[in-house]
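Only this structure's heavy atoms are used, side chains among them; waters, hydrogens and symmetry mates stay out.
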Amino acid sequence: MLYIGIDLGTSAVKLLLMDGEGHIRNQVTKEYPLEFPQPGWSQQNPADWKTAVWEGIPELVKGFDVGQVAGIGAGGQMHGLVVLDAEDRVIRPAILWNDGRTAKEVDYLNREIGTEKLSACTANIAFAGFTAPKLLWMRENEPELFARIAKIMLPKDYINYLLTGVHATDYSDASGMLLLDVAHKCWSQEMLAVCGVKESQMPRLFESYEPIGTLLPEAARQLGLPESVKVCAGAGDNAAAAVGTGTVGNGACNISLGTSGTIFISSERFGVDPNNALHAFAHADGNYHLMGCMLSAASCNMWWMDEILESSDYGREQARIEPEKLGRNHVYFLPYLMGERSPINDVCARGTFTGITMDTTRADMLQAVLEGVAFAIRDSFEVAKRLGIEITSSRICGGGAKSALWKQILANVLNLRLEELESEQGPGMGGAMLAMVACGLYPSVKDACGQLVRTAGTVLPDPALAALYEERYQRFREIYPAMKGLFASLCAGEAKK
């Protein structure tokens with residue numbers, strides 16, 4: 001049988017077709033636009049997601065026996081606010097995970113409602129990217145549209161609705177809304193009341209691997225698939241990627257170098273970081289995980305290459321970085337191009353270069369970008385260490401992980417063994433694997449991971465280089481505290497414009 005995995009990302013949907021033995025039979029990518037109506041704002045038209053998926057799936061299955069397609073599973077960008085009216089029409093563009101317009105609402109939730117209450121209700125505190133602050137912003141700034149809301153959904157859930165007609169979400173994705181009682185896996189009545197919404201406006205909750213329905217006749221006809229195809233609830237992109245990398249069970253770790261950057265620590269027990277620097281979410285395997293998320297990771301490299309250097313030859317630019325300069329660069333980069341979440345939770349944080357001199361080269365600047373992202377990921381690892389979590393190795397995925405140089409830098413900054421995967425397909429592969437469980441091919445997500453996920457290589461830290469990066473990381477840690485006040489002042493000035 002065949003299974004379709006959907007990776008509904010920020011800039012494109014990536015579709016893959018996988019057989020039951022884990023072989024990727026075909027892949028299709030369809031891009032769509034992003035809107036930045038104001039500085040720090042980020043939104044998208046859900047109709048563009050539908051167009052991409054509806055065009056992509058027929059292309060994906062062309063030449064295959066569509067009667068063999070048994071299931072569909074999606075991993076999607078988290079936190080995005082998709083609102084539907086009583087006729088299930090989209091009310092406004094989706095406000096995305098990396099949108100920073102909700103500083104006022106985040107401050108209200110953390111200060112007035114209080115981080116202690118938020119953590120007790122949802123296991124997390126408010127971050128600008130989360131869904132609840134977006135609802136408060138909409139209630140304040142778009143009251144007429146807010147009054148029309150009949151259903152509140154997340155991006156991949158809207159695609160699942162178009163496929164099945166079912167308003168559903170899964171626990172992993174819902175964990176990032178600040179509306180879910182993660183410990184008890186139910187909607188938090190307290191938080192719904194704070195946001196002025198009712199449980200009837202929320203989608204039904206499922207485990208990620210549970211089927212929510214089969215294809216609607218019209219969707220099946222348009223996609224060229226049988227109506228019998230099962231659609232599972234799917235997962236947030238990070239949980240889906242973790243399934244695709246086999247990061248399940250107790251203490252497993254994965255680093256994702258995608259548009260955003262994450263560390264994902266799987267756990268069989270529910271637990272909360274007392275300082276809320278790491279998110280406490282449900283996992284797609286039915287258990288839980290801790291996650292640190294930085295808003296700009298591989299996107300920092302893309303910004304530097306595309307916008308500043310105006311070059312698409314990533315490999316040539318990285319080849320300019322001399323091996324002997326690793327651990328010895330005099331330039332530092334703060335990768336806060338869209339503000340930052342874990343662990344500093346500061347929507348006003350901005351990107352900076354520090355230490356530039358007359359002899360600074362373009363290679364030094366690029367190296368600083370790669371190192372700055374690695375240092376920021378280590379910030380979340382330091383939080384995990386303070387919680388007593390011992391991590392001796394991590395798997396790595398995401399577009400940035402295709403760079404051998406970046407993996408080398410990261411292994412030495414973290415002083416950690418990194419495991420490369422034989423097939424690195426991220427959320428799409430995880431989505432397809434969840435569909436296999438939904439269709440009964442495997443009894444559990446853990447069983448599917450054990451059968452289908454294979455490692456292909458290991459990147460080891462070099463003790464001497466790790467020592468150099470240890471010294472540089474301690475310097476890096478001094479930069480943000482020194483700049484924090486200036487960032488806040490700049491942010492206040494931007495708000496007055």
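Checking side-chain atoms of Ser380 against main-chain N and O of Gly292 turns up no donor-acceptor pair under 3.5 Å. No donor-acceptor distance shorter than 3.5 angstrom exists from the side chain of Asp237 to the backbone of Gly75, with no hydrogens or angles considered. Between the side chain of Ser266 and the main chain of Ala252, no donor-acceptor pair closer than 3.5 Å is present. A donor-acceptor pair under 3.5 Å is absent between the side-chain atoms of Ser42 and the main chain of Asp99, judged by distance alone. No donor-acceptor distance shorter than 3.5 angstrom exists from the side chain of Gln44 to the backbone of Pro93, with no hydrogens or angles considered. Tyr158 places no side-chain N or O within 3.5 Å of a backbone atom of Lys50 that could act as its donor or acceptor partner. Side chain of Asp19 to backbone of His23: a donor-acceptor contact under 3.5 angstrom is found. Between the side chain of Glu340 and the backbone N or O of Asn345, no donor-acceptor pair lies under 3.5 Å. The backbone N or O of Glu207 lies less than 3.5 Å from a partner atom in the side chain of Glu210, making a donor-acceptor pair. At least one donor-acceptor pair closer than 3.5 Å links the side chain of Ser175 to the backbone N or O of Tyr171.
Crowding of Arg269 atom CZ: a count of heavy atoms from other residues, nucleotides or ligands under 6.0 Å not exceeding 12. The environment of CD in Gln68 is crowded: more than 12 heavy-atom neighbours from other residues, nucleotides or ligands sit within 6.0 Å. In the displayed structure, Lys198 atom NZ is contacted under 6.0 Å by at most 12 heavy atoms of other residues, nucleotides or ligands. Taking a 6.0 Å sphere around NZ of Lys185, one finds it holds more than 12 heavy atoms contributed by other residues, nucleotides or ligands. Surrounding CD of Glu116 are at most 12 heavy atoms belonging to other residues, nucleotides or ligands under 6.0 Å away.
For the pair Lys151 and Tyr161, the cation does not sit on the ring face, since its NZ or CZ is not both under 6.0 Å from the ring centre and inside 45° of the axis. Seen from the ring of Trp137, Lys134 does not count as a face-on cation partner, given the 6.0 Å and 45° thresholds.
Using a 4.5 Å heavy-atom cutoff, the side chains of Ile6 and Ile72 are in contact. Within the 4.5 Å cutoff, the side chain of Thr455 has no heavy atoms near those of the Glu422 side chain. With a 4.5 Å cut-off on side-chain heavy atoms, Phe281 and Asn238 do not count as touching. Taking the side chain as every heavy atom from C-beta outward, Leu178 and Thr131 never approach each other to under 4.5 Å. Residues Leu81 and Leu135 have side chains in contact (heavy-atom distance under 4.5 Å, counting atoms from C-beta outward).
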task = Could you give me the CA-CA distance, side-chain angles and deciding distance for Glu59 and Lys30, then say whether salt bridge (charged side-chain N to carboxylate O under 4.0 Å, His left out) is met?
result = CA-CA 10 Å; Glu59 186 177 331; Lys30 296 288 183 181; 2.9 Å; yes

inquiry  = Applying side-chain contact (heavy atoms from CB on, under 4.5 Å) to Val90 and Val83, what does each step give before you reach the verdict?
reply    = CA-CA 6 Å; Val90 175; Val83 284; 5.9 Å; no

request  = Given ring pair (Phe, Tyr, Trp, His ring centres under 6.0 Å), test His79 with Phe127 step by step and report yes or no.
outcome  = CA-CA 10 Å; His79 317 304; Phe127 288 79; 9.0 Å; no

request  = For the pair Thr214 and Glu227, evaluate side-chain contact (heavy atoms from CB on, under 4.5 Å) and give the outcome as yes or no after the intermediate values.
outcome  = CA-CA 6 Å; Thr214 54; Glu227 293 180 26; 5.9 Å; no

inquiry  = Please evaluate residues Ile91 and Leu84 with respect to the criterion side-chain contact (heavy atoms from CB on, under 4.5 Å), reporting the C-alpha separation (whole Å), side-chain torsions for both, the decisive distance (0.1 Å), and the verdict.
reply    = CA-CA 6 Å; Ile91 294 172; Leu84 309 181; 5.7 Å; no

query = Could you walk me through whether Thr29 and Val13 pass the side-chain contact (heavy atoms from CB on, under 4.5 Å) check?
reply = CA-CA 6 Å; Thr29 297; Val13 64; over 6 Å; no

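Looking only at atom types and distance, the side chain of Thr51 has no donor-acceptor partner in the side chain of Asp48 under 3.5 Å away. A donor-acceptor pair shorter than 3.5 Å can be found between the side chains of Asp170 and Ser208. When only modelled atom types and interatomic distance are considered, Asn110 and Thr115 share no side-chain donor-acceptor pair under 3.5 Å. Between the side chains of Asp88 and His167, at least one donor-acceptor pair of N or O atoms lies under 3.5 Å. Judged purely by distance below 3.5 Å, without hydrogens or angles, the side chains of Trp303 and Ser296 never pair a donor atom with an acceptor atom.
Taking a cutoff of 4.0 Å between a charged side-chain nitrogen and a carboxylate oxygen, Glu420 and Lys407 qualify as a salt bridge. For the pair Glu382 and Arg378, the salt-bridge criterion is met [side-chain N within less than 4.0 Å of a carboxylate O]. Taking 4.0 Å as the cut-off between side-chain N and carboxylate O, Arg92 and Glu142 count as a salt-bridged pair.
Taking every heavy atom of both residues into account, Ser393 and Glu419 meet most closely at OG-OE2, 4.0 Å. Residue Ala235 comes nearest to Leu434 through the heavy atom pair CB-CD1, 4.0 Å, listed as atom of the first residue, atom of the second, then distance. Taking each heavy atom of Ser172 and His283 in turn, the nearest pair found is CB-C, 4.2 Å. Nearest heavy atoms, Ala219 versus Leu162: CB-O, 3.9 Å. Closest non-hydrogen pair, Lys156 versus Ala74, comes out as CD-O, 4.0 Å. In this structure, Ile255 and Ile263 approach most closely via the heavy-atom pair CG1-CG2, 4.3 Å.
A distance below 6.0 Å separates the ring centres of His279 and Phe130.
By the disulfide (SG to SG under 2.5 Å) test, Cys348 pairs with Cys491, sequence neighbours left out.
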